[in-house]
Amino acid sequence: MSVEARRAMIVHAVLPLLMEHGTGVTTSQIARAAGIGEGTIFRAFKDKDELFDACTAEALRPDHVLDAIADIPLDQPLKDRLVEAAEALSAHLERMGALMGALHASGRHKQRDPEQRLKDRRGTWKGSRRESMAVMRGAMVDLFTPEKDRLRLPPEQLASLFLALLFGGRPMAADDDAPTTRQVVDVFLHGAVEAQ
């Protein structure tokens, strides 16, 4: 196994542990989850800080959500496409939030930005948050484009509005008041007022 493949395998095994234990996760737990010896961790990573930075960079990567959106069939109704996309985007946000929350709770928030620390490492997301949002917006544009003749606004604007509604409104609601994904899409497509 190449060093890069070993690093990726370890990162994928460690992400759930970081979400559960924060930076208090032990090398023994890491080795057990990855199915490797503890020494192997430090042949792939200089120290736990470097491993945690790689995990953070992996969680921030939009690749998984972009792949999920690209797999949505364009021949299904727009509402169904948007629900699938919203669910993929929400899962991405939850994953990022869970990891950042666990790291913050364990005192890691004082570290410098992992995007900066990893910007030159091969195989990691090199973009900023703005670039990440731009590529997600582009993926959403593709979902709106088949309906462009029926839309009130250009697909680019609708993609931006949809992301703003999805990302901006959900975290502010109390858990019992949070709209479902289908409700968010329905209000986005049809408005807040019942047709008369």
Side-chain angles (χ1 to χ4, degrees), residues 8 11-12 14-20 52-105 109 113-116 118-119 123-148 150-192:
V11 164
H12 287 284
V14 173
L15 272 169
L17 292 175
L18 274 176
M19 290 178 202
E20 183 179 345
F52 296 158
D53 287 343
C55 289
T56 303
E58 178 62 26
L60 294 174
R61 290 173 63 108
D63 302 9
H64 300 294
V65 72
L66 295 175
D67 289 345
I69 293 171
D71 287 342
I72 297 171
L74 295 178
D75 59 349
Q76 65 180 335
L78 179 61
K79 184 174 187 173
D80 294 337
R81 293 193 305 259
L82 294 180
V83 167
E84 281 190 49
E87 288 171 350
L89 289 161
S90 293
H92 176 66
L93 282 180
E94 286 173 24
R95 179 180 173 186
M96 286 187 338
L99 178 64
M100 296 308 158
L103 292 175
H104 183 79
H109 63 282
D113 187 311
E115 288 182 48
Q116 289 298 315
L118 295 175
K119 69 180 179 181
T124 61
W125 172 250
K126 294 174 181 59
S128 66
R129 182 170 191 258
R130 176 175 287 200
E131 290 167 325
S132 179
M133 288 302 293
V135 295
M136 286 189 273
R137 179 179 170 267
M140 291 304 302
V141 168
D142 293 343
L143 295 182
F144 282 106
T145 299
E147 317 301 326
K148 68 180 174 189
R150 296 182 23 210
L151 302 174
R152 292 174 50 200
L153 294 171
E156 296 78 12
Q157 285 182 328
L158 288 171
S160 293
L161 285 169
F162 185 74
L163 290 172
L165 176 65
L166 187 66
F167 288 165
R170 306 261 331 235
M172 292 191 272
D175 284 359
D176 55 344
D177 293 338
T180 66
T181 301
R182 193 158 289 281
Q183 288 171 323
V184 170
V185 171
D186 190 60
V187 169
F188 176 78
L189 289 176
H190 306 292

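Residue numbers run from 1 in the order of the sequence given.
- Contact detail for Q76 and E84: the closest heavy-atom pair is NE2-OE2, 2.7 Å.
- Side-chain atoms of R95 and H92, non-hydrogen and from C-beta on, never get closer than 4.5 Å to each other.
- The shortest distance between side-chain heavy atoms of V65 and I69 falls below 4.5 Å.
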Run L163 and L89 through side chain to side chain contact (heavy atoms under 4.5 Å, CB included) and show every step you take.
CA-CA 9 Å; L163 290 172; L89 289 161; 3.6 Å; yes
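- The distance from the CZ atom of F162 to the CG atom of L82 is 4.5 Å, given to the nearest 0.5 Å.
- D67 CG to I72 CD1: the interatomic distance, rounded to the nearest 0.5 Å, is 11.5 Å.
- In this structure, T56 OG1 and L103 CG are separated by 4.5 Å, a value rounded to the nearest 0.5 Å.
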Please tabulate, one pair per line, all N/O donor-acceptor pairs under 3.5 Å involving side-chain atoms of residues 134-147, not counting sequence neighbours.
residue : atom : partner : partner atom : Å
R137    : NE   : E156    : O            : 3.4
R137    : NE   : S160    : OG           : 2.6
R137    : NH2  : E156    : O            : 3.3
T145    : OG1  : V141    : O            : 2.7
E147    : OE1  : R150    : NH1          : 2.9
E147    : OE2  : R81     : NH1          : 3.2
E147    : OE2  : R81     : NH2          : 2.6

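- Between L151 and Q157 the shortest side-chain heavy-atom distance does not fall below 4.5 Å.
- Contact detail for A54 and V11: the closest heavy-atom pair is CB-CG2, 3.7 Å.
- E94 has its side chain out of reach of L99: every pair of non-hydrogen atoms, C-beta onward, lies at least 4.5 Å apart.
- By the 4.5 Å heavy-atom criterion applied to side chains, M100 and L60 are counted as neighbours.
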Using side chain to side chain contact (heavy atoms under 4.5 Å, CB included), reason through F188 and L166 one step at a time and then give a plain yes or no.
CA-CA 9 Å; F188 176 78; L166 187 66; over 6 Å; no
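- Of all the heavy atoms in M19 and A102, the pair that sits closest is O-CB, 3.6 Å.
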